[in-house]
Structure formats: C-alpha cells, structure tokens
There are 2 protein chains.
Amino acid sequence: MLDGVTVRPDSVGGGGPDPAAPGRRELNKVRTRAAIVGALRELVAELPAADVTVDQVAERAGVSRRTFFNYFGSIPAVLSAVFADHAAAMIVQLDPEVIGDDPVTALRGLTRTHGIPEDLLGWFVALNRHGADTDATVLLERTVWADLAAWLRERLHDVLPGADPLFVATLASAVMSCFQATEEAWLKDLDVDRPEQLSPADVTRFHDHLDRALGLLADGWRSPSA
Amino acid sequence: MLDGVTVRPDSVGGGGPDPAAPGRRELNKVRTRAAIVGALRELVAELPAADVTVDQVAERAGVSRRTFFNYFGSIPAVLSAVFADHAAAMIVQLDPEVIGDDPVTALRGLTRTHGIPEDLLGWFVALNRHGADTDATVLLERTVWADLAAWLRERLHDVLPGADPLFVATLASAVMSCFQATEEAWLKDLDVDRPEQLSPADVTRFHDHLDRALGLLADGWRSPSA
DNA sequence: GTGCAATTTTGCACACCGTGCAGGTTTACG
DNA sequence: CGTAAACCTGCACGGTGTGCAAAATTGCAC
C-alpha cells in the first residue's frame, strides 16, 4: 500500500543528470500514474465503486492489466495513494515544535489553516453516489482509511522519533477515524439535495464536522455525547 | 463480516418448541462453526497466517469449501467473529449509566475488571509466530481490527441511542486502536524469549500496555510523548 | 415409519484478484 | 549506432467469493 511509482529501484542514488529535467522515463511514469488515477476517477463516477474492476481501469487508462499492478497493488491502494498525497501536502508543516506537547491541537490547527482540497471532497461524493452504504463499498473505504492511518503513523514516527509506539499508533488511528467519520456525516447531510457542484457551504460543513470530531479527541470524549 | 451462523433466516420468530432443546439443526451448526474455528486455530499455529487458505481450513474442518463460505465470508471474518465473541462477553455489562459521561474511563474500568482471556492472547501469539510483520499478515490483522471497530460502534450505538454519530464512530475506532497497538507492543516484548506457554506475567504485561493506551485516549494524548 | 417440506450441504462454474516469468519494446548513454 | 538497463505486456497459475441447482439431512404431521 501507498507505494508510489516504484516499478523498479530506478535511478535512485545514481545521481541523475538534472532533477529539473525529468527525462522521458520519469515523465511516462507520471503520465501513466495520472492516467490510472484519472481512469478510476471517471469509472467511480459512472458506476458503484465496488463494481469497478482492475481490467476496466487498465483499459480506460490505455495500459495493460499487468502494468496497473506494477503501479498499484489494488484499487484501494490507488485511493490511498491519492488521499495520502493530499494529506502529505497538509502535514509538511509538521515540526516537533509545532506538535509540541499537544499533538491533537496541533493537527486540529493544521486542518483549519490548510483547508480541505475540493478534489478530495469530489472523490468522497463520487465514491458514494451509487450505492453508498453497500457492504462492498463500505469495506473499500474502510481499507483506504486504515491504510492512511498506517501512513500517518509513519509520518508521526518521523516527526517524533523517540515517541512511545502506543502513542503514535493510537493517535494516528484516532485522527484518521475523525476524517472517516467526518466524511460519513458530511455525506449524510449532502444526499438530501444532491447538487452536482459542491458549494462553499458544503466545504465549510466538512470543516465543521472535522473540527468537532477532533474536539472529541482532544478532551477524551467527555463532551456531551447526546 | 461478523455474521454469525445465519445460513438462512432460520426458524427465528417461529416460536420453536423449546429453546433449551436446540435440535439437531442448531447443534450441527454450532459444531460446524466450532470445527471451522478450530481448524483455523490449528493451521495458524503451523504456518504463517497469511498462507492459510480457505481450502485448507475447510478440509481440516471436514467440510466443503462452499460450506465454509456459508458460515464466514472470509478468513479474517472468522477471526473477527472469534474476537467479537470475547469482546461481547466483556461489554455485556455496559449500561448507559455505567458509561455515564466518561465512556473512556468506563471502558478502561471494564478491561481491568474483566480480564483478557488467555485464548485471545493465544490467537495473538499464533497469528504472529511465523512471519509476524509480513505485509500480508499485518493486512490481515488490520482487517480484523477494523471489523471489530465497526462492531464496537454498533454496540455503542445500542447503548447510547441518541448519541452523536461522530462521537460513537471515533470512540469505537480509537478504543480498538488501543487494543491493536497493545497487541503489537505486547508481542514485541514477547518474542525475545518465546515461551510456548504464556505466563501470568505476560497477561499482566498485556493489561499494563492496554491501560496505558486507554490512558492516552482519556487525556487527549497530552501525556509525555517520549 | 412414511412422506413431504424446509433447511443445509455440496459440487460446479464463473468472474475477479494478485504475482511470477519470459519475451518484446522503449529509454538512457556513451 | 549499439548496448544495457528499465519498462510494458501477455500468459499462466493458484486463490477468492458468489450464484445456482442437485443431492442430502432434518423437522413435522399423519
């Protein structure tokens, strides 16, 4: 999971000629990766996410089935990679001192200042438009969020080198469960009217839910529960 | 996931003759279920958990492959069911008033008074004896814990009917992540010596880890992180 | 006990998944 | 241009999960 485009060890460490001139190899890899992601994005908008097969994605991306598996280990892995890219853009600003002695509040601040990309919200809508709470669909999303929790755990481990493993593991999982629950609550409010285009109010609602969820985390679920 | 033995709607509500006399049907189902669980338990002790196939389990359980899938949707689903049984025994004592306005502390208390069944710890050891942190094995466990989080969420939803969905969802996920992280930390200490039989000290260590993890949850991860 | 209906098991077929492998194609570089 | 490395592709294989229909088993009434 969350393996980028690493078809082979590649020319890493070989001291490539110029990082500003990527070369055909790198370009093709980026293009292929984008084609796969784009193909999945289209298909997910057309039919229930759980019904999308690797063959369909590969064909629409103009790539062999085998090549798909060279880039991603599965369809959930594609989603995890896309989501992780967005998450990575958000937490580049994570230093040990930013985290300080209250990581939850720090992460909460990040989500407020950074903003949630509309692209991400578009994925959420697409993934749940056809047959939202099918068993298979809910399982797919569960896999993705679990994947992201593992990813965040690695990131936290990088930022807090000597930290207690229990601390890092539980925190990462809890934070991601906030996103997961937020997505669900957000979608539940959304399917009443079903606007094709997301309004700024929709984005705000997502932020509100997320902030509330992270608030529960911050005070140990002692808020009014009902 | 977590579907019990519900091959068909069965004679539920039909007002069977006597709930104390299960009849051959029910008895056979219970036996078959136990045979499947037992077969998996044996196989997991013999080879890496990720290498166990449905065919192997079915054959050892003396049952056809198709019948396995009548009882469980997958191998992770078997584990989820077993673990959920143990968890259910622990939280039968959950009333709304026991939970009160501090659910984390309430659950923490339950884990202290109830005790962790050694059977469960035995599963943990078996699942990780051969090739603990293989990709496939870690994925298997991840699936099981995510499954259990969904299960706990349902239980919390039953106990706290009017509660905020965000509250229930994030709490369930966070609590289960404590168990997951505890298992991992506990195993890491264990594989130094590798006793075949678990000592009481091992059980105590599990409790200590778990209590510490739930403590992090209770105070919003503001404890010393390093 | 005999027969019938409901339930359960089983075998089979099918689409799909993920991976190793070998051969062909493209790219990098001298 | 030529070579070596990196990459794409087709193929085959074992495994998964599900629908379906034919047995086999059980419950129940007579």
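Here is the naming used below: chain letters follow the sequence lines, and residue numbers restart at 1 for every chain.
- R25(B) contributes no side-chain N or O that forms a donor-acceptor pair with the base of dT8(C) under 3.5 Å.
- In this structure, CG of N70(B) is placed 14 Å from P of dC20(D), rounded to the nearest angstrom.
- To the nearest angstrom, P of dG17(D) lies 17 Å from CG of D51(A).
- Applying the 4.0 Å criterion to OP1 and OP2 of dT9(D), one finds that S64(A) has a side-chain N or O inside that range.
- If you measure from atom CG of L27(A) to atom P of dC8(D), you get 13 Å, rounded to the nearest angstrom.
- As rounded to whole Å, 17 Å separates atom C1' of dC8(D) from atom CZ of R24(A).
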Sequence-aligned protein contact record of nucleotides 15-21 of chain C, with B where the base is within under 4.0 Å of a protein heavy atom and S where only the sugar-phosphate is: -SBBBBB
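- For the pair K29(B) NZ and dT26(D) C1', the computed distance is 12 Å after rounding to whole Å.
- The separation between F72(B) atom CZ and dG17(D) atom P is 13 Å, rounded to whole Å.
- Crowding of E59(A) atom CD: a count of heavy atoms from other residues, nucleotides or ligands under 6.0 Å not exceeding 12.
- Side chains of T67(A) and N70(A): no donor on one and acceptor on the other come within 3.5 Å.
- Tested against L107(B), the residues L94(B), L217(B), I99(B) include a single side-chain contact (heavy atoms from CB on, under 4.5 Å) partner, L94(B).
- No donor-acceptor contact under 3.5 angstrom links the side chains of D51(B) and H130(B), judged on distance only.
- Every side chain to side chain contact (heavy atoms under 4.5 Å, CB included) that D158(A) has, sequence neighbours left out, goes to R155(A).
- At least one side-chain nitrogen or oxygen of N28(A) sits closer than 4.0 Å to the OP1 or OP2 atom of dT27(C).
- Considering only the side chain of Y71(A), dC8(D) comes nearest among dC8(D), dA28(C), dT9(D).
- At whole-Å resolution of the value, CD in E59(B) and P in dG11(C) are 12 Å apart.
- A salt bridge (charged side-chain N to carboxylate O under 4.0 Å, His left out) check over residues 68-77 of chain B, counting only residues at least two apart or in different chains, returns nothing.
- Judged purely by atom type and a 3.5 angstrom limit, T134(A) has no side-chain atom pairing as donor or acceptor with the backbone of T137(A).
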